[in-house]
There are 2 protein chains.
Amino acid sequence: MDQVFYPKFSRLAITGGTHGNELTGVYIVRQMQKQNINQIGSVSVCPILANPPAIEACKRYIDTDLNRCFTDVTLSTPVTDSSPLEVKRAHELNSLLGPKGSDRAMDLVCDLHNTTSNMGLCFIIDVTDCIPLHIAKYVQTKMPSAPIRFFNTNRASSSEAYCVDSVGKHGFAIEVGPQPNGVLRADIYNMMKEAIDHTLDWLNKFNAGTTFEGGQLDTFVLERSVDYPRDPKTNELTAIVHPQLQDNDFKLLQSGDPIFKTFSGETLNYEGEDLYPVFINECAYYEKKIAFHLGQKKTITLPPISVRTD
Amino acid sequence: MDQVFYPKFSRLAITGGTHGNELTGVYIVRQMQKQNINQIGSVSVCPILANPPAIEACKRYIDTDLNRCFTDVTLSTPVTDSSPLEVKRAHELNSLLGPKGSDRAMDLVCDLHNTTSNMGLCFIIDVTDCIPLHIAKYVQTKMPSAPIRFFNTNRASSSEAYCVDSVGKHGFAIEVGPQPNGVLRADIYNMMKEAIDHTLDWLNKFNAGTTFEGGQLDTFVLERSVDYPRDPKTNELTAIVHPQLQDNDFKLLQSGDPIFKTFSGETLNYEGEDLYPVFINECAYYEKKIAFHLGQKKTITLPPISVRTD
């Protein structure tokens with residue numbers, strides 16, 4: 001593939017606490033703020049707590065999920081006094097880090113998340129974009145012992161992308177788990193910190209003229225979601241993720257494999273094409289009616305890239 | 001030791017959702033209620049959701065920790081409109097399951113909990129009482145592959161005991177982990193369900209005249225608690241549980257062993273007598289200023305027991 005050229009990455013935003021009970025990002029950002037980190041090599045760094053009231057309450061959100069508020073539609077609708085707290089905050093963050101889609105936007109927004117699922121270290125990329133994929137590939141080579149995967153939610157366009165990192169010219173989320181909400185584990189903290197350090201290395205090398213060779217990368221592309229079996233009247237679960245599926249994120253699920261166990265002891269099996277389960281039994285997805293996502297493995301060929309020098 | 005005789009156990013209460021975000025007990029109790037389980041052999045069974053508003057909100061509690069509201073002092077103070085929701089509920093539960101210390105009280109209250117710590121299946125006993133210890137010993141022999149321990153909080157008297165299970169003539173909590181709050185894992189659910197089934201077997205065997213032989217039992221007796229290092233001004237953590245301590249509940253901690261890692265990278269070591277850490281990095285204890293408890297191993301000699309037939 002032909003080499004592709006991009007402008008320098010001058011401005012990086014690192015957002016933590018977009019979900020207030022996911023503590024790794026909260027503490028990483030607080031540490032960067034305490035140490036007054038605002039420039040690393042050629043990159044200006046803006047560490048920011050995305051949802052301080054939710055962090056204070058140690059809740060995912062106060063009124064609504066902040067990380068669903070960054071579509072063009074939501075950002076272009078004027079806020080009023082009665083707008084949800086997170087919609088107001090999305091407009092503020094869009095001013096600070098964006099505006100989304102504009103020349104003034106951050107070159108890269110890296111948003112930090114935790115999951116209760118056994119996801120390891122996962123880069124979540126909304127729209128196919130070779131910059132986050134190149135960075136993710138680089139981090140993977142630097143952390144060979146960590147389970148690192150790439151999950152592409154496969155949105156049609158950036159305007160539909162609803163996450164905070166879509167406000168930047170480029171963006172991705174780092175999702176590390178398993179970690180319970182409201183808990184800070186050293187192993188998870190160290191894994192995320194190391195991934196951020198390698199991201200900064202990549203940006204500085206890129207800015208200094210390093211060509212990053214192309215190559216192939218296995219990604220997981222969101223196909224569909226599966227809900228828990230529920231009582232149609234009460235909405236309560238009638239089954240639980242099967243022990244053979246629990247913790248087996250990114251392991252191929254085939255027709256006939258057990259996926260749920262009902263409280264009366266019956267095993268429910270998967271029927272459908274072979275796919276990869278992701279975010280299995282994630283705490284925050286109970287209310288979103290998602291027991292797990294299913295994704296297809298797709299190999300992406302990345303072009304070699306380097307900095308535009310003109 | 002001489003054999004000790006106890007009256008039959010006619011009435012068992014099983015309480016779930018005392019903490020509304022600890023889902024295993026919530027779902028076990030709901031299932032028992034749906035199946036209209038109210039008698040198993042010689043034992044009448046009362047499955048009860050202890051804190052429905054907290055369960056609805058999927059929070060530990062609404063106003064205050066319900067499982068700290070059952071001291072004689074709190075239960076003897078009249079409630080008013082402005083009493084915390086959980087204090088009102090403690091009075092209701094005391095009427096339903098107690099009154100604490102009276103002849104009318106449930107023979108046994110078994111309260112179901114989860115922890116984010118790597119505790120396995122732990123019986124928590126507030127006041128030294130050989131009934132819960134005998135039951136725990138029996139369950140241990142029936143579930144040899146499960147990590148089962150006995151933790152004694154060592155209160156001076158039942159009147160000081162603040163947990164819901166102190167309302168019964170006998171009581172204990174079953175604490176199973178690790179499980180994130182707000183998540184239901186099949187392995188944890190099965191472990192707790194099996195422990196309850198064995199408890200019911202024990203009660204029925206006891207009532208039918210089986211003599212349970214005495215013997216020795218290793219218990220862990222609460223000695224003291226250790227908080228996270230914190231910033232004295234903001235109260236925020238300045239260190240995190242060390243990876244070498246994390247998940248190592250019930251493994252002997254010796255002077256010089258690492259216990260915390262500061263965000264600046266420094267390792268803090270334990271100083272003091274050899275003790276056993278328990279509830280390491282439990283989510284709900286951040287606000288209680290407890291990074292872990294420390295306990296002493298104590299071998300208890302249990303007398304043989306059987307039913308009083310007079």
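Chain naming here is simple, since letters A, B, ... match the order of the sequence lines and numbering starts at 1 in each. Reckoned from all heavy atoms, side chains included, excluding hydrogens, waters and symmetry mates.
When the candidates Asn181(A), Asn190(A), Leu237(A), Thr116(A) are compared by the number of heavy-atom contacts under 4.5 Å with chain B, Leu237(A) comes out ahead. In terms of heavy-atom pairs under 4.5 angstrom with chain B, the leader among Gln35(A), Glu287(A), Arg30(A) is Arg30(A).
Two residues are said to be in side-chain contact when any heavy atoms from C-beta on lie closer than 4.5 Å; Asp247(B) and Arg185(A) meet this criterion. In this structure, Val183(B) and Cys283(A) have side chains that are in contact, with non-hydrogen atoms separated by less than 4.5 Å.
Residues Ala186(A) and Val241(B) approach most closely at CB-O, 3.4 Å, considering heavy atoms.
For Lys59(A), no part lies under 4.5 angstrom from a heavy atom of chain B. Of the two parts of Ile28(A), neither the backbone nor the side chain holds a non-hydrogen atom closer than 4.5 Å to a non-hydrogen atom of chain B.
Residues passing the ring pair (Phe, Tyr, Trp, His ring centres under 6.0 Å) test with Tyr228(B) are Tyr286(B), sequence neighbours excluded.
Environment of NZ in Lys34(B): crowded, with over 12 heavy atoms of neighbouring residues, nucleotides or ligands closer than 6.0 Å. With a 6.0 Å radius and a threshold of 12 heavy atoms from other residues, nucleotides or ligands, Glu56(A) has its CD atom at or below the threshold. Around atom CD of Gln39(B), more than 12 heavy atoms belonging to other residues, nucleotides or ligands sit under 6.0 Å away.
At distances below 3.5 Å, at least one donor-acceptor pair connects side-chain atoms of Asn281(B) with backbone N or O atoms of Leu184(A).
Along residues 196-204 of chain A, no residue comes nearer than 4.5 angstrom to chain B, judged on non-hydrogen atoms.
Taking the six-membered ring where the residue is Trp, Tyr189(B) and Phe263(A) present tilted rings, their angle falling between 30° and 60°.
One distance of note links OG1 of Thr24(B) with CD1 of Ile240(A); it measures 7.0 Å at 0.5 Å rounding.
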